[in-house]
Protein chains: 2
Amino acid sequence: MSQTVDRALSILPLLAEGPADLGQVADRLGVHKSTALRLLRTLHEHGLVYRQSDQRYRLGARLFALAQEAVENLDVREIAHPHLVRLNETCGHTVHLAVYEENEVLYIDKVESRYPVRMYSRIGKPVAITVAAVAKLLLADLPEPERRALADKLDYPMYTARSTPNAPAFLKELATVREQGWATDLGGHEESINCVAAPIRGADGRVVAAMSVSAPNVVVTADELLTLLPLVRRTADAISHEYSGKPPAKEESSRRP
Amino acid sequence: MSQTVDRALSILPLLAEGPADLGQVADRLGVHKSTALRLLRTLHEHGLVYRQSDQRYRLGARLFALAQEAVENLDVREIAHPHLVRLNETCGHTVHLAVYEENEVLYIDKVESRYPVRMYSRIGKPVAITVAAVAKLLLADLPEPERRALADKLDYPMYTARSTPNAPAFLKELATVREQGWATDLGGHEESINCVAAPIRGADGRVVAAMSVSAPNVVVTADELLTLLPLVRRTADAISHEYSGKPPAKEESSRRP
DNA sequence: GTGACGTGTTGCATCATGTGCAACGGTCAT
DNA sequence: ATGACCGTTGCACATGATGCAACACGTCAC
C-alpha cells in the first residue's frame with residue numbers, strides 16, 4: 001500500500017539470506033542505488049539493519065530485542081510458562097508451546113529436555129506445519145473454509161515415510177485430531193522423534209495455543225510417550241482454565257491513574 | 001532520512017510495549033488516522049504486524065522468523081556452537097555467547113545448565129552491559145575514544161552492592177580486563193550468580209565475540225568456578241582459531257555458477 | 001426504535017517527499 | 001598514474017504520501 005515502506009521492508013528478508021552490499025540491495029529491489037541507500041539508512045537508524053566492518057549490511061540487533069519484547073507480551077505464554085516448567089520437571093522431556101498466526105505455526109516457548117539428547121528447535125522458528133502435533137491441533141480448530149484453503153496452499157514435504165503426504169490426508173488427520181482433542185507426531189518430522197500434544201483453549205472454547213512433549217526413540221518408545229498423554233492434557237487444561245479465568249488483569253497497561 | 005519509512009518503523013517499538021488500536025498508533029505517531037492505517041497495512045503485508053481478533057495491532061510472526069534467520073547467519077555463532085555444547089557437557093553450567101553491536105551487547109547463543117537451578121537470560125536479550133563479564137571483554141576491545149564515549153553515556157544501575165558504580169570504575173575495570181585477557185562477574189548482576197568469560201578473536205586479533213560460563217553460588221562457589229577459567233580460555237581460543245582459519249568459505253552465497 | 005457517538009475505511013486534491021540522474025570522492029588493483 | 005568500482009551528495013522533477021471530509025458500521029443510551 002505504501003511503496004516506500006514496502007520497498008524498505010522488502011530489504012529485511014533479503015538481508016536475512018545473508019549480508020549484502022548497497023549495489024546488491026539496489027539491484028534486487030529494482031531501484032537506484034541512491035534510493036536503496038536512503039532506505040538502508042532509515043532502517044539503520046532504527047537499528048533493524050547493521051553495517052558491518054566490510055561495509056555490507058546485515059540484520060541488526062534491535063530486531064532481536066523487538067522479537068523478544070513481542071514474545072514476552074503474549075499473555076498465553078506468560079501464563080503457560082510455569083506449567084511447562086513443572087511438566088518438564090515431572091517427565092524430563094522437551095516441552096513446547098506454539099501458536100498459529102497468519103498461515104504459520106510457531107514456537108513461542110520451550111523448556112529443554114533434561115536428557116542429553118536434545119532435539120533441534122528454537123523459539124520463533126516456524127514449525128513443520130504439515131506434521132507437527134501442535135500444528136495439527138491449531139489448524140484443526142480453524143473455521144472450515146480457512147482450514148481447507150490453507151491445506152490446499154501448503155506444501156507437503158516428505159521428511160520421512162510417515163510424513164503427511166497431501167492435502168486430503170492432512171484434512172482427514174485434522175478431522176481426527178479435532179474429534180479426539182489431542183494429537184501426535186510419530187516420526188513424521190524426524191524419523192526418531194515422537195510428540196504428543198494437547199490444545200489450550202480460551203474462554204470461548206477456541207484453541208489459542210498448543211503444547212507438546214517431544215522425545216527421541218532412544219530415550220522412550222512411542223508407546224511409553226503416549227502414557228504421558230493424560231498428564232499433558234491435564235496440564236493444557238490447567239493452562240486453559242487459568243487463561244480463561246483472568247484475562248482482564250494487566251493493570252499496568254492503563255496509563256492514566 | 002525517509003520520513004514515511006521512519007514513521008512506519010516507529011510503530012514497531014510502540015507496539016512492542018503492547019497491542020494498540022489504530023487511533024492510539026496515529027496519535028503517538030502524530031499523523032492522521034488514514035496515514036497510520038496505510039502504514040500499518042504495509043507492515044501487515046510484510047507480516048511484521050498482526051491484527052488480533054479485537055482489531056488491535058501487535059507485533060507479528062515474521063519478526064521472529066527474521067530474528068531467527070539473522071542469528072543463524074552469524075558465522076561466529078555457527079562455528080562456536082559445537083564448542084559451547086562440548087564445554088557445557090564437560091562442566092554442566094550455562095554457557096553464553098555474546099557480541100557487541102551498536103552500543104549494545106547481546107546474547108546470540110546459549111546452552112542451558114544441566115543443573116536444576118537455571119539463570120534467566122534469553123537469546124536476543126540485551127545484556128546488563130556494565131557488569132556482565134562478556135560485556136567487559138567486548139567493550140574493553142573498542143577503540144579508546146569510542147569506549148570512553150560509550151562509558152560516559154551508560155547508566156550504572158546498582159543491581160547489587162558489587163555492581164560497577166560509575167564510568168571511571170568501569171573504564172578501570174575494562175583496562176584490567178583488556179590487560180589480562182579474561183573477565184569475571186562476581187555477583188555484580190545477581191547477588192548469587194558468578195561468571196567467567198573469555199574473548200573470541202578474529203584473524204586481525206580484534207574481539208568479535210565473547211563467551212562465558214555462569215553458575216549460581218548454590219551450585220559452585222566463585223573460587224570453584226574460577227578453576228574453570230583455563231578451560232574456558234582454551235575453548236575460546238579454539239573458536240578463535242577456527243574462526244580466523246576459514247572465513248572466506250560459504251560457497252552457497254554466490255548465486256551464479 | 002432512534003440518534004449520537006466511537007470506530008475503521010475510502011476517494012480525492014494538494015504538495016511534500018521520495019525518486020533517478022549525474023557528478024564527486026574515495027579505495028583498490030593493475 | 002590510471003581506470004574501474006563502489007558509496008555518497010545535490011538537485012530538479014513528478015510520483016506518491018498526506019490530511020481532509022465523507023462514509024460505513026457497530027455499540028450504547030435513552
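The sequence lines fix the lettering, A, B, ..., with proteins before strands; numbering per chain opens at 1.
When the side-chain hydrogen bond (donor to acceptor under 3.5 Å, both in side chains) test is applied to A:His32, no partner is found at least two apart in sequence or on another chain. With sequence neighbours excluded, the residues that form a side-chain hydrogen bond (donor to acceptor under 3.5 Å, both in side chains) with A:Glu144 are A:Arg148. A search for side chain to side chain contact (heavy atoms under 4.5 Å, CB included) contacts involving B:Arg233 returns B:Trp182, B:Ala198, B:Leu229, not counting sequence neighbours. For A:Arg41, there are no side-chain hydrogen bond (donor to acceptor under 3.5 Å, both in side chains) partners, not counting sequence neighbours. Remark: B:Tyr57 pairs with B:Arg51 by the side-chain hydrogen bond (donor to acceptor under 3.5 Å, both in side chains) rule, at least two apart or across chains. In this structure A:Asp155 satisfies the side chain to side chain contact (heavy atoms under 4.5 Å, CB included) test together with A:Pro157, sequence neighbours excluded. Considering only residues two or more places apart in sequence or on other chains, B:Glu69 meets the side chain to side chain contact (heavy atoms under 4.5 Å, CB included) condition with A:Ala16. Among residues two or more places apart in sequence or in another chain, the side chain to side chain contact (heavy atoms under 4.5 Å, CB included) test is passed with B:Ala8 by A:Val5, B:Leu39. A search for ring-ring contact (aromatic ring centres under 6.0 Å, His included) contacts involving B:Phe170 returns B:Tyr156, not counting sequence neighbours.
Here B:Arg62 does not pair with B:Glu45 in a salt bridge; the nearest charged N to carboxylate O distance is not below 4.0 Å.
Rounding to whole angstrom units, CD of residue A:Gln55 and C1' of D:dC5 are separated by 12 Å.
Axis deviation across the helix from C:dG1-D:dC30 to C:dT30-D:dA1 amounts to 40°, comparing end segments of five pairs, rounded to 10 degrees.
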Given protein heavy atoms under 4.0 Å, the one-letter contact record of nucleotides 12-28 of chain D, with B base, S sugar-phosphate only and - none, is simply ----SSBBB--------
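Contact annotation for A:Arg56: no contact, since no heavy-atom pair falls under 4.0 Å across all strands.
Extent of DNA chain C lying under 4.0 Å from chain A heavy atoms, first and last nucleotide in 5' to 3' order, is C:dG18 to C:dC21.
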